[in-house]
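Beneath this line is the structure, given in structure tokens, with notes to follow.
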Amino acid sequence: MAGLAFEGPNPDVDVLDGINGLAKGAPQWVNRAMEFLGEYGIVAALAVLCLVAWWTARRRHEGGPAAIAGLVWAPLAAGLALLVNVPIRGFVERPRPFKDHAGLAVLIPGKTDFSFVSDHATLTMAVGVGLFVAHRRFGLVGIGLALLEGFCRVYLGVHYPTDVVGGFALGTAVALLLAPLAQAVLVPLMTAVGRSPVAWLVRAPGRPAEPAAAARGAEPRPGPVVTAEPAPCRLDERDKDLAA
């Protein structure tokens, strides 16, 4: 397949020209910052976000092994989504936009691979959605970073908007559709890790390996029965006279 082609007005190219046109009038330091963010910075920020989410769940022991398994799945989903993208790129064979459209401000030259779908958009959205499944607050931050990544890729002139949308769809599909299977594998694994010498990966030192019986809904264990002996009866002087 030679690539994605459209006849007549092309909204994809119009949006590309509009967003990439911002780079033509921007100061040099802004373009440098966008180049760093779009190529490395946002991916690094997502890695830090995953570590913070793991540290928080581990320290608070929120959700136990299931929560840790969900956080582990987020980067694994990103890696799997990138593997799925390899045959998609080879099948579509869409050239980079700067090869077909002269006049773009290309801030990252030297890209020779195909354009559809965007690896960066796929990776970042898979991580964001994976985090959202495990922890909504961190997931919303991750999805926001993924959206910013998509904007950066178009701003830099290395992707069409539909490359980014396709990456978002691919990353979301992998993270959501395979999440039940991943949990079925990762939860027992994280449970075993919690009972091993590297249990600190799942729970902070001093935290119990299993939730308390009351938290699990189990019946409390009966404790020893203590019976109080009756207090001796004491007679005052009047009672003694009556008894006599």
Side-chain angles (χ1 to χ4, degrees), residues 1 3-6 10-20 22-23 34-50 53 70-98 101 104 107-108 111 113-182:
M1 188 172 180
L4 299 180
F6 302 90
N10 192 335
D12 202 21
V13 176
D14 293 340
V15 175
L16 169 65
D17 289 337
I19 296 178
N20 182 255
L22 299 174
M34 293 293 286
E35 178 183 348
F36 174 77
L37 285 175
E39 195 74 357
Y40 310 108
I42 294 177
V43 174
L46 281 170
V48 173
L49 183 65
C50 288
L71 297 175
V72 170
W73 168 237
L76 292 179
L80 185 58
L82 291 179
L83 290 177
V84 174
N85 190 28
V86 172
I88 295 177
R89 279 194 165 197
F91 176 74
V92 177
E93 295 183 346
R94 187 184 201 184
R96 294 279 181 171
F98 53 80
H101 303 281
L104 291 177
L107 303 185
I108 305 179
K111 296 285 185 180
D113 55 344
F114 295 120
S115 185
F116 185 89
V117 295
S118 167
D119 278 339
H120 282 75
T122 301
L123 182 150
T124 53
M125 187 56 75
V127 173
V129 173
L131 284 175
F132 184 80
V133 172
H135 196 295
R136 288 192 176 184
R137 183 179 61 184
F138 290 112
L140 289 175
V141 176
I143 291 173
L145 289 173
L147 295 175
L148 179 59
E149 177 68 39
F151 177 84
C152 288
R153 302 309 288 177
V154 180
Y155 182 97
L156 298 173
V158 294
H159 280 293
Y160 293 97
T162 48
D163 298 336
V164 171
V165 173
F168 288 164
L170 177 59
T172 301
V174 171
L176 288 182
L177 296 179
L178 298 181
L181 178 61

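What you see is a predicted model, and the numbers here were worked out from it, not measured in a lab. In this chain, residues are counted from 1 in sequence order.
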Fill in: Check against side-chain contact (heavy atoms from CB on, under 4.5 Å), L71 and C50
CA-CA 7 Å; L71 297 175; C50 288; over 6 Å; no

Practice prompt. May I ask you to decide if S118's main-chain N or O and N85's side chain share a donor-acceptor pair within less than 3.5 Å?
Written response: no

Discussion item. Would V86 and L82 count as a side-chain contact (heavy atoms from CB on, under 4.5 Å) here? Give the steps.
Written reply: CA-CA 7 Å; V86 172; L82 291 179; over 6 Å; no

Practice prompt. Would you name the heavy atoms of L145 and A45 that are closest together and state the gap between them?
Written response: CD1-CB, 4.2 Å

Practice prompt. Find out whether V133 and W73 are in side-chain contact, i.e. whether some heavy atom of one side chain is under 4.5 Å from a heavy atom of the other.
Written response: no

Practice prompt. Assess whether side-chain contact (heavy atoms from CB on, under 4.5 Å) is satisfied between I42 and H120, documenting all intermediate values.
Written response: CA-CA 9 Å; I42 294 177; H120 282 75; over 6 Å; no

Worksheet item: Is the side chain of N20 donor-acceptor paired with the backbone N or O of L104 at a distance under 3.5 Å, no angle test?
Response: no

Please tabulate, for side-chain N and O atoms in residues 165-172, each donor-acceptor pair with protein atoms closer than 3.5 Å (sequence neighbours left out).
residue: T172; atom: OG1; partner: F168; partner atom: O; Å: 2.8

Worksheet entry | I88 side chain near V84 side chain, heavy-atom distance below 4.5 Å | yes

Worksheet item: Taking atom CG of L46 and atom CG of L123, what is their separation to the nearest 0.5 Å?
Response: 7.5 Å

Worksheet item: Rounded to the nearest 0.5 Å, how far does CG of D17 lie from CG of N10?
Response: 9.5 Å

Item to complete: Measure the spacing between CZ of R137 and CG of L131 and express it to the nearest 0.5 Å.
Response: 12.0 Å

Practice prompt. Would you list the pairs meeting salt bridge (Lys or Arg N to Asp or Glu O under 4.0 Å) in which at least one residue belongs to residues 115-128, sequence neighbours left out?
Written response: R89-D119

Got a list of side-chain donor-acceptor pairs under 3.5 Å for residues 146-160, not counting sequence neighbours?
residue: R153; atom: NH1; partner: G38; partner atom: O; Å: 3.0
residue: R153; atom: NH1; partner: E39; partner atom: OE1; Å: 2.8
residue: Y155; atom: OH; partner: N31; partner atom: OD1; Å: 2.6
residue: H159; atom: ND1; partner: S115; partner atom: O; Å: 3.0
residue: H159; atom: ND1; partner: S115; partner atom: OG; Å: 3.3
residue: H159; atom: ND1; partner: D163; partner atom: OD2; Å: 3.4
residue: H159; atom: NE2; partner: R96; partner atom: NH1; Å: 3.1
residue: Y160; atom: OH; partner: H101; partner atom: NE2; Å: 3.1

Worksheet item: Are R94 and T162 side-chain neighbours, meaning at least one heavy-atom pair lies under 4.5 Å?
Response: yes

